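To keep things clear, I will list the structure first and then write my remarks on it.
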Amino acid sequence: MSLRFPHLPGARRWAQGGVVVLGVAGLCGFLMPLRTPIRPRPSSKNSFVLTVAKYQAQPAEPLPMVIEADAMRRAPEDPNALRAIQEAILHIVPNPPDPASVEAVPAEPAWMLWGRLRTTPASVSMLPDAGVRAYAVHSAQGMTLCLVNASSEKKQIRLQIRLPRGVYKLERLIFSPPNLMVQASRPLRATPTESRLRTVSHDGQATAVMPTVVPVTQLERMQGRTLNAAGTIRKPCLLLPGQVCLYRYTDVAQAARAALNETYDGLHTMALRSPGPAQRLRHILEEGNGKRGSLSAGSGQSSSARLSGIHRLLLLTAQVQSMQRNYQHRHVVGAEEGAAVMGALERLTDALAETSAALLELVPQIVVNAESEPGAAAMPDAAETTPPSRRLTVTMSLANLGRQSVGMVKLGLDTAALPHGVVCAPDDPAYFGSVHPGQSVRATFHLRCPAGTPLPTDRCGGDVSYFVSGTPAHLRIRAW
């Protein structure tokens, strides 16, 4: 709509300006309600109360208990605390007497040796809690923290472990009461992407709460850490009722340095009877003297330079091992001296590979489970007349949590360590290409044990190999 005044030009301009003013006023009137907060009417008192309740803060979950342990502070001897840990574990996993012993005195339990619990106690601080007990030890190899949940409820714990500089492998050994079950929420329909670690896609379907039986003994590998100076490693921990957990921190770089020194000592002893072979082996090892700084945290080297040096040491150690094996086979060196050197070389190889994995933040795992259906299709060629046998499933995996890819990854089961008569399918290792940061690979092996043939889970070991800097590394992993 427009106003026309053909004979009054001034009036026309006035009318046009009035239209603009009215338009601006109307627009402001439309926007004002949007800027003005809506206040409840006096008659909407109930609605106002419901609105307040709707946005009321939900009750916060209880804060986790903080347990601090310091590997650089020695604590006084506490035999009662160590005895409490031992009794808690023996209540779950009794240690049977050794039948070979005349006095039937049980030997040192494997978990006691694994946790290095006979070493020096370390400082532990926590708020008093009648349901949680803690005990820590430390040594040149690292530190172990023991936790016991003696209560009837689960405990949320945050661990703060102070350690000297080093390259640490982190492991957790869990003892759970038999038939302990947890309510695990699992999707009814999920499509996991096995080649990716962080990506597990769900299709939005409902979830079902299913009870899951917790294994009595379970060994887990966690992400390693490199400390270029003394620092604190923080880890969350969930302890179920009755559980005992041993957190072990091992300085694998220190273990490599110790194994290298042990190898030189062994070659010195071997040179007393076999100077020629000992000198040749020592000469090869000395080619890596310029790379020994890669085994010292805080040396100022970059991560890639340290990895290159460690894999150079791995290559030289493999050459020495091959020559020493030939010397022993031809009886060129003494049996006792040769075995001592070979043992030191094997420990050096393992420690170098573990140092490489910790720097790369690789996490290998091995899990052994009993198959629910003995007649599953895992062994399709089994004859119907075969006597009842046990069937186990061994799952191996490697997760790359670091920032560098590894190539030519291979996951294989150590079939030579299996008892006679145990059949593995497939019996060949699983080969993969490169595993990039954030990815994981997995391989499954099925074992058939004849009736009456025991197969301890610790006999199920695997070899995880990969290439970095053109040199392979082998990680030996074993189930508990």
Side-chain angles (χ1 to χ4, degrees), residues 62-98 101 103-163 170-182 214-220 222 233-250 458 480:
L63 295 177
M65 175 192 303
V66 178
I67 297 181
E68 299 179 352
D70 194 342
M72 296 182 291
R73 291 181 57 191
R74 179 171 180 171
E77 298 288 340
D78 192 353
N80 294 329
L82 179 58
R83 189 178 303 111
I85 299 294
Q86 293 173 330
E87 293 176 353
I89 297 178
L90 291 175
H91 182 72
I92 299 174
V93 185
N95 187 33
D98 186 1
S101 176
E103 300 178 357
V105 177
E108 193 84 320
W111 48 264
M112 179 75 72
L113 300 175
W114 181 88
R116 303 185 289 262
L117 299 185
R118 294 296 185 187
T119 53
T120 308
S123 173
V124 178
S125 62
M126 55 179 287
L127 293 177
D129 191 320
V132 177
R133 303 168 186 169
Y135 179 75
V137 294
H138 70 98
S139 62
Q141 291 79 23
M143 181 180 186
T144 302
L145 174 64
C146 308
L147 302 176
V148 179
N149 184 3
S151 68
S152 59
E153 58 183 11
K154 64 181 180 180
K155 297 289 185 177
Q156 295 278 357
I157 302 174
R158 185 170 72 245
L159 304 178
Q160 298 184 173
I161 311 299
R162 182 169 175 78
L163 297 164
L170 276 62
E171 298 166 288
R172 176 171 56 190
L173 181 60
I174 305 174
F175 298 92
S176 303
N179 301 323
L180 178 64
M181 304 182 70
V182 296
V214 180
V216 175
T217 308
Q218 187 176 7
L219 179 61
E220 297 178 353
M222 297 181 293
I233 298 179
R234 296 174 174 84
K235 288 289 182 182
C237 172
L238 174 64
L239 272 183
L240 298 179
Q243 277 188 336
V244 184
C245 189
L246 275 60
Y247 282 81
R248 189 175 77 163
Y249 302 75
T250 303
D458 59 355
W480 185 261

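Predicted, not measured: the structure shown is a model, and the values here were computed from it.
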Any side-chain heavy-atom pair of [X] and [Y] under 4.5 Å:
X: W114; Y: L219; result: yes
X: I157; Y: M126; result: no
X: I89; Y: M112; result: no
X: W111; Y: Q86; result: yes
X: V124; Y: I67; result: yes
X: D78; Y: P121; result: no
X: K235; Y: I161; result: no
X: V148; Y: F175; result: no

Going from [atom1] on [X] to [atom2] on [Y], what distance comes out if it is rounded to the nearest 0.5 angstrom?
X: R162; Y: R234; atom1: CZ; atom2: CZ; value: 10.0 Å
X: W480; Y: I174; atom1: CH2; atom2: CD1; value: 12.5 Å
X: Y247; Y: L170; atom1: OH; atom2: CG; value: 9.5 Å
X: C146; Y: R248; atom1: SG; atom2: CZ; value: 11.5 Å
X: K154; Y: N149; atom1: NZ; atom2: CG; value: 11.5 Å
X: R158; Y: M65; atom1: CZ; atom2: CE; value: 11.5 Å

Return a table of donor-acceptor pairs under 3.5 angstrom between the side chains of residues 138-145 and protein atoms on other chains or two or more places apart.
unit_1	atom_1	unit_2	atom_2	d
H138	ND1	A71	O	3.1
S139	OG	Q141	N	3.4
S139	OG	Q141	OE1	2.9
T144	OG1	G115	O	2.8

For a quick test of reading the model, state the closest non-hydrogen atom pair linking L82 to R118 and the distance between them.
CD2-NH1, 3.9 Å
Looking only at heavy atoms, which two atoms of P177 and P241 are closest? And how far apart?
CG-O, 3.8 Å
Provide the full list of salt bridge (Lys or Arg N to Asp or Glu O under 4.0 Å) pairs with a residue in residues 120-146, sequence neighbours left out, each pair given once.
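Those involving residues 120-146 are D129-K155.
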Salt bridge (Lys or Arg N to Asp or Glu O under 4.0 Å) partners of residues 64-76, not counting sequence neighbours, each pair once:
none
Around N80, counting heavy atoms of other residues, nucleotides and ligands shown, do more than 12 lie under 6.0 Å from its CG?
yes
Would the distance check show the side chain of R172 and the main-chain N or O of M222 forming a donor-acceptor pair, the cut-off being under 3.5 Å?
no
With L180, which of I92, V216, L240 fulfils side-chain contact (heavy atoms from CB on, under 4.5 Å)?
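It is L240; the other options fail the test.
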